[in-house]
Amino acid sequence: MYSTINEVDTSFLPSPPLSPVSESFTQLPTPESPLLPLFSNLPCNDETKAAEFDLKYDDDDNDEFDFTEREIEYLESFLGFPIERPGNPSKEEILRNKYENMTEEGVEFNGEIAPYSYVIDILHSIGLNVINKKTNDAVKLCVYEIGTNYLKEFWVHPIFLSLQSFQFFKLFEENKENNEQEVLEIEVPSIKAFTIILYWLYTGDNSKILEIAKVDEELFKGIMEIIELLEINRFNF
């Protein structure tokens with residue numbers, strides 16, 4: 001059963017205080033109080049506009065309000081901030097699902113869908129030949145070290161980075177969608193650590209990282225921070 005806000009009994013609402021406690025204090029409804037009657041106070045220019053936004057809720061399921069997209073937009077303009085729509089995934093969620101599906105279901109490679117691990121193995125087998133080289137499909141990546149003026153440029157290949165790091169996948173997808181320039185930028189805690197990670201992503205050889213873990217605790221910490229920051233897959237670590 002659906003009821004409009006004009007049919008809801010608002011007699012239980014408390015009378016407003018004679019004087020506010022302070023100018024900045026706003027009395028919020030308790031969690032168990034129905035929120036919908038409050039919308040009867042939304043400003044409307046005339047009765048026609050009030051009827052236009054005749055908000056409804058479902059008596060059979062009080063946990064969810066049945067708002068239309070237009071009603072939500074109206075509420076957002078009144079409240080001054082966006083309202084989350086549970087049924088509509090965010091752009092990042094869409095990209096993350098796309099990335100996870102690729103790693104689980106396979107990668108389009110030479111016109112066919114190939115297992116993710118198979119494609120990664122092929123890339124690692126040729127990585128030394130193309131790492132930091134300006135080939136036709138390479139793009140310039142400017143890496144900034146956080147907290148310093150240190151900057152280093154690399155020639156990178158989208159297929160190597162986007163298949164092994166969600167953040168790189170997201171960066172390349174957004175860059176392609178927005179038709180932005182071919183120079184990409186990221187910030188990392190340590191450029192020295194990033195250089196070691198880049199070698200690992202291109203070759204699959206993690207021996208340097210394991211050796212560093214034994215002799216340089218600070219550098220190894222920087223490597224792990226970047227792996228977390230860029231959300232790099234560690235299935236072959």
Side-chain angles (χ1 to χ4, degrees), residues 69 82 84-144 151-210 212 222-237:
E69 183 65 22
E84 184 177 354
R85 296 157 171 79
N88 298 329
S90 66
K91 183 176 180 180
E92 175 149 343
E93 288 173 332
I94 293 173
L95 287 175
R96 190 175 293 277
N97 288 336
K98 183 178 178 180
Y99 180 75
E100 291 175 353
N101 289 339
M102 177 183 65
T103 60
E104 294 172 1
E105 299 176 6
V107 182
E108 185 174 346
F109 190 71
N110 292 334
E112 299 181 356
I113 300 298
Y116 174 79
S117 58
Y118 171 77
V119 176
I120 296 299
D121 287 342
I122 291 179
L123 293 177
H124 287 165
S125 68
I126 62 174
L128 278 177
N129 299 323
V130 296
I131 186 171
N132 205 22
K133 292 184 178 180
K134 187 180 178 181
T135 59
N136 292 334
D137 55 342
V139 297
K140 183 178 291 187
L141 177 68
C142 296
V143 182
Y144 297 87
L151 159 68
K152 190 169 183 179
E153 296 179 346
F154 300 88
W155 287 104
V156 298
H157 303 79
I159 190 171
F160 277 86
L161 303 189
S162 63
L163 287 184
Q164 301 182 81
S165 159
F166 170 69
Q167 290 301 325
F168 272 122
F169 174 81
K170 176 183 173 183
L171 182 64
F172 286 118
E173 286 288 312
E174 291 177 342
N175 188 66
K176 180 172 60 177
E177 179 181 329
N178 299 328
N179 294 319
E180 295 178 350
Q181 57 184 358
E182 293 300 313
V183 178
L184 304 178
E185 298 179 344
I186 63 169
E187 289 184 329
V188 297
S190 166
I191 289 181
K192 183 178 181 181
F194 178 78
T195 303
I196 296 170
I197 289 176
L198 194 63
Y199 177 85
W200 170 48
L201 292 177
Y202 269 79
T203 65
D205 182 2
N206 62 3
S207 59
K208 288 187 177 181
I209 297 177
L210 297 177
I212 289 171
I223 290 172
M224 297 308 297
E225 285 179 357
I226 295 175
I227 289 175
E228 294 294 332
L229 177 68
L230 299 178
E231 297 186 60
I232 295 174
N233 292 341
R234 288 181 280 181
F235 74 95
N236 65 338
F237 187 70

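Note that the coordinates shown come from a computational prediction; the quantities given were computed from them, not determined experimentally.
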Report the C-alpha distance between R234 and E228 in whole Å, list the side-chain angles of each, state the deciding distance to 0.1 Å, and finish with yes or no for side-chain contact (heavy atoms from CB on, under 4.5 Å). CA-CA 10 Å; R234 288 181 280 181; E228 294 294 332; 2.8 Å; yes
Minimum heavy-atom distance T195-F154, with the two atoms named: OG1-CZ, 3.7 Å
Tightest non-hydrogen contact, residues L123 and F160, listed as O-CE2, 3.1 Å
Where do E225 and V188 land on the side-chain contact (heavy atoms from CB on, under 4.5 Å) test, with the steps shown first? CA-CA 9 Å; E225 285 179 357; V188 297; over 6 Å; no
Calculate, to the nearest 0.5 Å, the distance between atoms SG and CD belonging to C142 and E153 respectively. 4.0 Å
Looking only at heavy atoms, what is the nearest atom pair of F166 and R96, with distance? CE2-NH2, 3.1 Å
Using side-chain heavy atoms (C-beta onward) and a distance below 4.5 Å, is L230 in contact with Q164? no
Name of the residue among V130, N132, N129, I126 meeting side chain to side chain contact (heavy atoms under 4.5 Å, CB included) with Y202: V130
Could you tell me whether the side chain of W200 reaches within less than 4.5 Å of the side chain of K208, counting heavy atoms only? no
Between the main-chain N or O of E93 and the side-chain N or O of N97, is there a donor-acceptor pair closer than 3.5 Å? yes
Is there side-chain contact between P189 and L229, with at least one heavy-atom pair below 4.5 Å? yes
Distance check, rounded to the nearest 0.5 Å: I212 atom CD1 versus I196 atom CD1? 3.0 Å
Could you measure the distance from the CG atom of L151 to the CD1 atom of I191? Nearest 0.5 Å is fine. 6.5 Å
Between E173 and K98, is there a salt bridge with N-O shorter than 4.0 Å? yes
When rounded to the nearest 0.5 Å, the distance separating CG of L201 from CG of N233 is 9.5 Å
Does the side chain of Y118 reach to within under 4.5 Å of the side chain of V107, using non-hydrogen atoms? no
side-chain contact (heavy atoms from CB on, under 4.5 Å) for E187 and Y144? Distances and angles first, verdict last. CA-CA 5 Å; E187 289 184 329; Y144 297 87; 4.0 Å; yes
Gap between atom CD1 of I226 and atom CD1 of I197 - 0.5 Å precision: 4.5 Å
Smallest separation among heavy atoms of L141 and E185, with atom names: CD1-N, 4.3 Å
What residue among F169, F172, F168 forms ring-ring contact (aromatic ring centres under 6.0 Å, His included) with Y99? F169
Between L198 and I131, the two heavy atoms sitting closest are O-CD1, 4.1 Å
Carefully, step by step, assess E108 and I113 under the rule side-chain contact (heavy atoms from CB on, under 4.5 Å). CA-CA 4 Å; E108 185 174 346; I113 300 298; 3.9 Å; yes
K133 versus A138, closest heavy-atom pair with distance: O-CB, 3.6 Å
In this structure, CG of L128 is separated from CG of D205 (nearest 0.5 Å) by 8.5 Å
